[in-house]
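Encoded as structure tokens, the structure appears first; notes follow it.
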2 protein chains.
Amino acid sequence: MYFSKGIFLIALAGFAEVALSHKPGKGPNRNAKRNFIMVIPDGFGPASEALARHYTHWTNNATIDLPIDKMQIGGIRTRSTDSYVPDSASTATAYSCGIKTYNGGIAVDDSYAPCGTVLEAAKAKGYKTGLIVTSRITHATPATYASHIYDRDIEDNIARQLIGENHPLGKPQVDLILGGGRCYFTPKSTAKSCRKDDIDLLGWAKSKAGYQVLTTRKDFEKKTKLPYIGLFTESHMSYEIDRDPAVEPSLTEMAIKGLNDLLAASKKEKTGFFVMIEASRIDHAGHANDPVGHLHDILQYNTMMKTVTEWIDKNSDAPTTLISTADHECGGLTLGYSLTGPPDYWWAPQYFAGAKNTYEVLAAKWKSYAGTDAAYLKTEIFGKYGVPDPTAAELAAATAGKSSTSAVGAVLAKAMNARLGVNWSTGGHTGVDVNLYGYGVNHLKMVGNHENSDVGNFVAQELGLDLKSITRKLQKNKKFIDAYVKPQGKVQKRDSCSKHVNEHL
Amino acid sequence: MYFSKGIFLIALAGFAEVALSHKPGKGPNRNAKRNFIMVIPDGFGPASEALARHYTHWTNNATIDLPIDKMQIGGIRTRSTDSYVPDSASTATAYSCGIKTYNGGIAVDDSYAPCGTVLEAAKAKGYKTGLIVTSRITHATPATYASHIYDRDIEDNIARQLIGENHPLGKPQVDLILGGGRCYFTPKSTAKSCRKDDIDLLGWAKSKAGYQVLTTRKDFEKKTKLPYIGLFTESHMSYEIDRDPAVEPSLTEMAIKGLNDLLAASKKEKTGFFVMIEASRIDHAGHANDPVGHLHDILQYNTMMKTVTEWIDKNSDAPTTLISTADHECGGLTLGYSLTGPPDYWWAPQYFAGAKNTYEVLAAKWKSYAGTDAAYLKTEIFGKYGVPDPTAAELAAATAGKSSTSAVGAVLAKAMNARLGVNWSTGGHTGVDVNLYGYGVNHLKMVGNHENSDVGNFVAQELGLDLKSITRKLQKNKKFIDAYVKPQGKVQKRDSCSKHVNEHL
Ligand SMILES: [Zn+2]
Ligand SMILES: [Zn+2]
């Protein structure tokens, strides 16, 4: 009755495809033109998908799949070399370089030596390359594809490498950049700059490297040609539920524009393209324990995945492989608690229905509101967060904390999480495996549960890339490594497995 | 470097197998002899496997797989018809009947009508059948395979149906039973009986139905022949870490004995066997938020799975399909918390190393200890739970609570969970998807993410079973349904999605 025949058909089609690809001379092979789309939903744990699916069930009053449910092929183990709980830098390095490293390391190994990435190796073979994200483009995940540095937080250095103004291979590696994080590309003399120096990276990109630079929605609508860099916000782009479509494109819109331009640019080439698309802010909402922001960025990720698989089907003359997996779970999200006792459980996604903004936006709105009247607080703050019925205690707490966005945010989050019946155990990451999804050519080769580093090696294998030769080239540039990759002076390596425990008893 | 070639080889072998099976006249098909092993690790969520794997990594100082890691092929969606968070009854009914039902319902639909199970349908076609568990055999999961009743808690009725003394199809359905729960099979006049009547089910099984009855380890060692029932404890069998091997066999030992006897009994038949094996008490440790009990029952489940896959390989003349998936997550387990801030996380499986018992056993041991000296408490209670360094506050709490096993249990659990850095959000279940594992013939047909009810239908499809005809037969027995299946009088159906929320704000 609930048997999904679709899954069987997809699976069988996949088997046939794989079988074909192993007969010599038939089907796609290493020498044929290929595209690879790597999609990373940052901080998207197993419970994240169930949360969004249950909300969709409630909305539609039916047991239906979300787009990516059809695509699960296994799971990914996320641990890093120095912790059972990874950060984005270590896991994204596993995806980009095919090696495990320590938490915080950007495409370097445990001894701070740079490792060749699939993006760099693809570029070296003539593939077109792209990075499409909703965070700052200098954040850990995209950074690991085209920059190398011992500490993820040194984002002004990362920006220089990403755009190629100062990259150990001597030239730009990324043909297409879409996302947020303009502030690391403008000189410190400029308002809102995050740089500590006067380097004008956008100016350099335009005048010296031939990049088209997009900064507005209007720019985004333009017909574009590689290479280009589109940065639509100073820092991260907005959470999907807070996004003003007149100002910022959605992740889905960026993904499709990017794919079309990568396809057009590689049309006459022997090689296709490699692109990494990140649904970056699922993670940020997890850190914030904000179920509303989490939900809507997950739904947008699902929409993007559906649209991308349709794009793959439409463009089957350029065979494409899609793999998608998170870098780690975030927030320790769990769904449901006991009521009077088993089997009576509470988890009520219907409370999501009224939410119009994240608490980040609403706490700021309340802070800047001139009055303190409960009517406004109830309808415009609690109500817009999906809590139409705040208790007297909740209203009092939000009134008392008015001047502190973090205090009011915590009140709102607590109110919503309690009504939903969901729990968060931490403001950080956790060590659970994440789900693995795939589509297109040869994705069924990845059926199973793998170490995260297997994913980077799978990309390299499918595109016929030589990661080792890029690693050798990078490691030859000792001058660059000493000046920009390694820590300056002695650095205590982070180690989450050997300290602090007594603080937490 | 971490690329697991094994996975690829397994996967490719699988594809070839599937491809073959779809050519008429080649490979295994519906009419050929087949065995199906359904393994349910009750309450085993995605974080459960990561917890056990990380402990194994720490023990071996290496990044290695657990046995089932190699076998993941997707995920399972667990919701029931009346809750986004299921119980074992509703999900096991999805696995046994291929339909979704409400929390608490044992192989009945939403209107309390019995549904034919894969075990009953297999029995009708001549397959040998078995149930092997570590809980009481009358607990929800095994119950859904050969009994039908509106409420999982009416276990004395379930016992009568399971053994066939009073089953709607008029005769015993299960050829082999191994597990715990003798108390529901002995008359109330007997010491330790859980029955409310004087029916002697073990006596009936022996004298009227030809069952061999095993109750001791020594019995277990005997050469046995179907049909038999082995119940080694009055209620649940012990947690693996607490088990005395001289008294109780392990789940692995029971599984292999069962498989050998099922194989021998079906050797000369045209049909093979169906068996459901449950690692029942992973769930109970989750409810107890006891990481020690949880870990060791998970490791035992992994050992059993490894041994069973080796058995399948050795007995390839009788082609066997293995599917394993939990019924739901339990406890809201998450791994890790933040220390000084990202990316510094704490999750320290090394604390498991000293644990020798669950807190259930240790709290009872402390209660029955004649003294109150801190030396004994420290080494024999905390120390045996893996906490060699209890704080003064922890010792004081365990001393103050000495007479209450639940109070001392909570102190021990809190001490251990804090040191490990793991969290539990609930004493009940949660709504996250669970992992899907497979091995043997045609298991790759199930690659993907499925509704739990798809699993029951897959078993039926693979064994060529007709669930509908069994459902019709069951539903024709109106006298039985009125007397034993339906609620006597009006019953308020449990609904976890429409009440109680205000209690939890
Ligand atoms: Zn994060
Ligand atoms: Zn349970």
Side-chain angles (χ1 to χ4, degrees), chain A residues 1-4 7 11 15 18-19 46-47 50 54 69 72-75 83-85 87 99-100 103-104 332 334-339 342-348 391 418-419 423 425-433 435 445 447-451 453-454 457 494 496-497 500-501 504-505, chain B residues 1-4 7-8 11 15 18-19 46-47 50 54 69 72-75 83-85 87 99-100 103-104 332 334-339 342-348 391 418-419 423 425-433 435 447-451 453-454 457 494 496-497 500-501 504-505:
Chain A
M1 154 192 238
Y2 288 89
F3 210 62
S4 40
I7 300 279
F15 296 134
V18 171
H54 291 155
D69 287 340
Q72 192 183 353
I73 55 175
S83 176
Y84 298 111
V85 180
D87 82 325
I99 66 161
K100 294 237 184 210
N103 282 7
T334 56
L335 308 175
Y337 52 73
S338 284
L339 290 173
D344 245 350
Y345 300 111
W346 180 263
W347 151 221
T391 63
R419 281 164 177 79
N423 287 286
S425 66
T426 174
H429 302 161
T430 72
V432 67
D433 293 0
N435 292 344
K445 281 188 184 174
V447 166
N449 181 295
H450 307 267
E451 287 296 338
S453 46
D454 293 353
N457 289 306
R494 289 146 160 169
S496 68
C497 284
H500 297 303
V501 69
H504 287 267
L505 299 183
Chain B
M1 150 192 244
Y2 288 89
F3 209 61
S4 42
I7 299 276
F8 274 28
F15 296 137
V18 170
H54 291 156
D69 287 339
Q72 191 182 353
I73 55 174
S83 177
Y84 297 111
V85 181
D87 82 325
I99 66 160
K100 294 238 182 205
N103 282 8
T334 56
L335 308 175
Y337 53 70
S338 282
L339 291 172
D344 244 351
Y345 300 111
W346 180 262
W347 150 224
T391 63
R419 281 164 177 78
N423 286 285
S425 66
T426 173
H429 303 161
T430 71
V432 67
D433 293 1
N435 292 345
V447 166
N449 180 294
H450 306 268
E451 286 296 338
S453 47
D454 293 352
N457 288 306
R494 288 149 163 167
S496 68
C497 286
H500 298 302
V501 71
H504 287 267
L505 298 185

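Quick note on labels: first sequence line is chain A, next is B, and so on, each numbered from 1. Keep in mind that this is a model prediction, so the values were computed, not measured.
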Among the options N435(B), T430(B), N423(B), L335(B), pick out the one with the most heavy-atom pairs lying under 4.5 Å from chain A.
L335(B)
Where is the tightest heavy-atom contact between G428(A) and Y345(B), given as atom of each residue plus distance?
CA-CE2, 3.5 Å
Tell me, do T334(A) and T426(B) make a side-chain contact under 4.5 Å, heavy atoms counted?
no
Are P46(B) and D433(A) close enough that some pair of their side-chain heavy atoms sits under 4.5 Å apart?
no
Choice from G75(B), G336(B), G74(B) maximising heavy atom contacts with chain A below 4.5 Å
G74(B)
Work out which heavy atom in D69(B) is nearest to a heavy atom in N449(A); give both atom names and the distance.
O-CB, 3.1 Å
